Engineer: 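The following block contains the structure, expressed as structure tokens.
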Amino acid sequence: LYAGATSVVSSLWHVLDEATAALMESFFGKLPRLIKRDALRAAQLELMRRGEPPFAWASFYLSGSAR
């Protein structure tokens with residue numbers, strides 16, 4: 001944000017690369033039709049419904065603009 005990005009998705013704790021990749025693929029796939037906040041939430045819910053444990057998706061959050 002300090003460098004000029006309007007928003008940043010980051011993690012509160014270390015997450016395995018495979019879990020991060022699954023979440024980010026889902027997140028970026030949803031961005032064309034949803035705002036960032038809703039796309040991240042939908043991606044997290046998708047992983048939750050797939051049975052992924054919370055430590056794989058719950059640490060990610062959006063800072064900055066949700067749009």
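Because only heavy atoms are used, hydrogens play no part in the values below, and waters and symmetry mates are left out as well, while side chains stay in. This structure is a prediction, so every number in the text was calculated from the model and none was measured.
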Engineer: Are Leu12 and Val9 joined in one hydrophobic group, where the rule is that I, L, V, M, F, W and Y side chains link up if heavy atoms are under 4.5 Å apart?
Structural biologist: yes
Engineer: Please report the closest heavy-atom contact between Pro32 and Phe28, naming both atoms and the distance.
Structural biologist: CD-O, 3.5 Å
Engineer: Quick one: closest heavy-atom pair of Ser7 and Ser65, and the distance?
Structural biologist: CB-O, 3.2 Å
Engineer: Quick check: closest heavy atoms across Trp13 and Phe55, and the distance to 0.1 Å?
Structural biologist: NE1-O, 3.3 Å
Engineer: Does Val8 share a hydrophobic cluster with Met24, counting links as ILVMFWY side-chain heavy atoms below 4.5 Å and allowing steps through other members?
Structural biologist: no
Engineer: Main chain of Arg67, side chain of Lys36: is a donor-acceptor contact present, judged purely on distance under 3.5 Å?
Structural biologist: yes
Engineer: Identify the two heavy atoms, one from Ser59 and one from Val15, that lie closest to each other, and give their separation to 0.1 Å.
Structural biologist: OG-CG2, 3.1 Å
Engineer: From His14 NE2 over to Thr20 OG1, what is the distance, rounded to the nearest 0.5 angstrom?
Structural biologist: 8.0 Å
Engineer: Look up atom OH in Tyr61 and atom CG in Leu40, then write down how far apart they are to the nearest 0.5 Å.
Structural biologist: 11.5 Å
Engineer: Considering non-hydrogen atoms only, spot the tightest contact between Leu34 and Ala42 and give its length.
Structural biologist: CD1-CB, 4.2 Å
Engineer: Do the side chains of Glu46 and Trp57 get nearer than 4.5 Å, heavy atoms only?
Structural biologist: no
Engineer: Run the salt bridge (charged side-chain N to carboxylate O under 4.0 Å, His left out) test against Glu52 and tell me which residues pass, sequence neighbours left out.
Structural biologist: none
Engineer: To the nearest 0.5 Å, what is the distance between CG (Leu47) and CZ (Phe27)?
Structural biologist: 13.0 Å
